[in-house]
Amino acid sequence: MRLVVTYRQGGFMNEKVKSGSRNVAIVGPYLSGKTTLLESLLFVTGAISRKGSVKDGNTVGDSANESRDRHMSVEVSAASTEYNDLRFNFLDCPGSVEFAQETYNALMGVDAAIVVCEPIRDRVLTLAPLFKFLDDWEIPHIVFVNKMDRANIHVLETLHALKAVSSRPLVAHQYPIMQGEQLTGFIDMVSEQAYQYHPGAPADLIPFPENLKEEEHTARAEMLEALANFDDHLLEELLEDIEPPQEEILKDLKMELGADLVVPVFFGVAEQDYGVRPLLEALVREAPEPETTAERRLTKASNSPIAQVLKTFYTPQGGKLSLVRVWQGKLTDGIVLNGVRAGGLYRLMGQQQQSVNEVLAGDIVAVSRLEGIKTGDILSPDAQLKADLPKAEQLEPVYALAITPEKRNDEVKLSSAITKLLEEDPSLNWEQHGDTHEVILWGQGEIHLQVALDRLRRKYNLPMTTHMPQVPYKETIRKPVAAVHGRYKHQSGGHGQFGDVFLDIQPLPRGEGFNFRETIVGGVVPRQYIPGVEMGVREFLAHGPLGFPVVDVAVTLTNGSYHNVDSSEQAFKQAARLAMQTGVPQAQPTLLEPILKVQVTTPSEFTSKALQLLSGKRGQILGYEGRNDWQGWDNISAYLPQAEMHDFIVELRSLTLGVGSFHWEYDHLQEVPEKLAERVLQSNTNGHANGNGNGNSK
Ligand SMILES: Nc1nc2c(ncn2[C@@H]2O[C@H](COP(=O)(O)OP(=O)(O)OP(=O)(O)O)[C@@H](O)[C@H]2O)c(=O)[nH]1
């Protein structure tokens, strides 16, 4: 096939069949250098002829406008290159916890991940949730300690800190050669050969640095011991002081990395391309082949083509692209998947696309126009297909904003635009609240929602204003009132309107809602008018004297009278409303607020801070304990008023290096403390209803 060059910096690879492929996600904490590493990988493999930088906004990763604006990845970027006759599909994933869903979805489709991190002791904890995800799903991963041009802690200290947050043993695959804080070369721990880096060129073989002999030997012995834990033959050799052959070490590294039993560690400086070639070599030699990954992940009952959607994009022109991993068989141009004809197959290089005619199992490509298909869906031309592939759990939303189109006429466009937004980003959610009628956008944090709002504005021409969502307060009554009278009598022209009722109004236990009964005897209120009475009561309760829906109240129609000509269901409805208007204010109305049951997850060292945060937000601690499935992490259970939830995730993250998280569900309604209730009611009469009494726009 002929070379089609469409990429500005050097072009796509020749679209010819390679001897194999590797699909690799680049993951790691925020700003650790993932996009820079991708740029370097593409550069050293010749896919681009000039490197862009994150600062200049011209990298292949971070190509979306929303990423460029913020100098951070906000979605997965795919790029393809080749090295050693293998096709490499790299997925550059966002590091911010607010975009973790993107990363988790992408990880489900790769053969291995490169975890990029920085040599900063205090920041390694930010790796813990990612390591846990990788280990829970047994995804083979390599650590690349980046920014070794400013490493102010010793290599062994970095390794030690990293080991503390990984449940799998970390093995140094290289021993870095440093000059002060600057990486200058490395010793390959398999061959024990030393190399020196050179700007813009491959590393040179150099004599073994004698001063590192002892440290390197210790680190190598640790690596071999870790490998020997899963290989009896290697263990015997070590016990008998036999130097294991290099092939055996490499075989073990491949097998144990592939099964996520060990995590090899590399060091580098992505900005200078240092450490990037050895990383590629390791991926070629040691990362699992796509067929091996398919054997581990795919459960299937037929041989038809099978693919899975890892990410959905809507291009600025409005076209839909589904990034898919082909697990089995081949996809061809125009193939029908799950009943939908694909528009075309494309290899991606950031935002650039190159059309291809067919794609074989083990590859990752974008498929256009798969309308109705969502991220995570398993695709096949076989309608009866029974296949299973793991799918990352959907993250629960933890942060909300109420949104309103800047232009009133845009309200009708909003729902279809949000539907597309949610297809692109499954960790968003939205609802139109039943009580407050606000449209609420839910997501993972402030930046996450701002990115969603940017997309609404840019892609769908829907600028929005936002404000803090109102708290859906309710009200109830504290004491019963009996025989409240309501009489509706109206004479206008023809025949008049007459309804007359006596109601008992009583509080119900919390959570009982509403019930209506009648104890009418002797037909003083004829049967056919009683539904009107209930309707009038319900209508009144939708908006009580404090301005909120009234709950946990029982109303009994006990007595009344009627007029043969003038009575009607409508008139009795009005009479009931009048009785309620009189009676409810006498029954000590009181404000109720929704209380959430939350479960906070935090590293144990931050548990006391998280407890303080909860208490400071009127939370009621129910208990806390260490997690059985996650050493060094605690779960805290508490009740938290919904009025205090708005910034809870923001504050929790700022107290816990960004790794604290929480799960929540509505639990019950509870009386608002008197002082606070006054503030809420005051701000409600001013047109706002949130717990802090400040309904300001954000
Ligand atoms: N000193 C130094 N800086 C680096 C290196 N690699 C990346 N950086 C800088 O680190 C910053 C973040 O780099 P990115 O590549 O955007 O990091 P990222 O991990 O992709 O960021 P997110 O995807 O937003 O989490 C940028 O300013 C880079 O220039 C490196 O090897 N050395």
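The first residue of the sequence shown is numbered 1, and numbering continues consecutively from there. Just follow the structure's listing: the first ligand is 1, and inside any ligand the first atom is 1.
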Under a plain distance cut-off of 3.5 Å, with no hydrogens placed, do [Y] and [X] share a side-chain donor-acceptor pair?
X    : Y    : result
S32  : N146 : no
T375 : N105 : no
Q450 : D454 : no

What's the shortest distance from [atom] to any protein heavy atom, and which residue and atom give it?
atom                    : value
atom 29 (O) of ligand 1 : E271 OE2, 2.6 Å
atom 19 (O) of ligand 1 : K34 NZ, 2.6 Å
atom 16 (O) of ligand 1 : V54 CG2, 3.1 Å
atom 15 (O) of ligand 1 : T36 OG1, 2.5 Å
atom 10 (O) of ligand 1 : K147 NZ, 3.0 Å
atom 17 (O) of ligand 1 : G33 N, 3.0 Å
atom 24 (O) of ligand 1 : S73 N, 2.9 Å

Legend entry - Ring center gap for Y274 and Y197 short of 6.0 angstrom: yes
Legend entry - Chi angles and distances behind the side chain to side chain donor-acceptor pair (under 3.5 Å) call for D634, T602: CA-CA 6 Å; D634 287 345; T602 168; over 6 Å; no
Legend entry - Heavy-atom protein contact below 4.0 Å for atom 2 (C) of ligand 1: yes
Per-atom contacts, ligand 1 versus [X] - under 4.0 Å to a heavy atom:
X   : value
M72 : 24 (O)
T35 : 15 (O), 18 (P), 20 (O)
Y30 : 24 (O), 25 (O)

Check: [X] N/O within less than 3.5 Å of ligand 1 N/O:
X    : value
L31  : yes
A270 : yes
D92  : no
V269 : no

Inset, instruction - Would you confirm whether R22, through its side chain, and F90, through its main-chain N or O, come within 3.5 Å as a donor-acceptor pair? - result: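 Checking the backbone N and O of F90 against the side chain of R22, no donor-acceptor pair under 3.5 Å is found.
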Inset, instruction - Determine, for E423 against K311, whether the closest basic-nitrogen to carboxylate-oxygen distance falls under 4.0 angstrom. - result: no
Inset, instruction - Could you check whether the rings of Y195 and F186 sit parallel, tilted or perpendicular, using 30° and 60° as the cut-offs? - result: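 Parallel.
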Inset, instruction - Determine the interplanar angle of the W630 and W633 rings, folded into 0 to 90°, and report it as parallel if under 30°, tilted if 30 to 60°, perpendicular if over 60°. - result: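 Aromatic pair W630/W633 classed parallel.
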For ligand 1, does [X] get within less than 4.0 Å through its side chain, its backbone, both, or neither, judged by non-hydrogen atoms?
X    : result
R150 : side chain
D149 : side chain
N146 : side chain

Legend entry - V27 versus K34, closest heavy-atom pair with distance: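 Closest heavy-atom pair between V27 and K34: C-CD, 3.2 Å.
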Legend entry - Minimum heavy-atom distance between A400 and H646, given as atom pair plus value: O-CE1, 3.1 Å
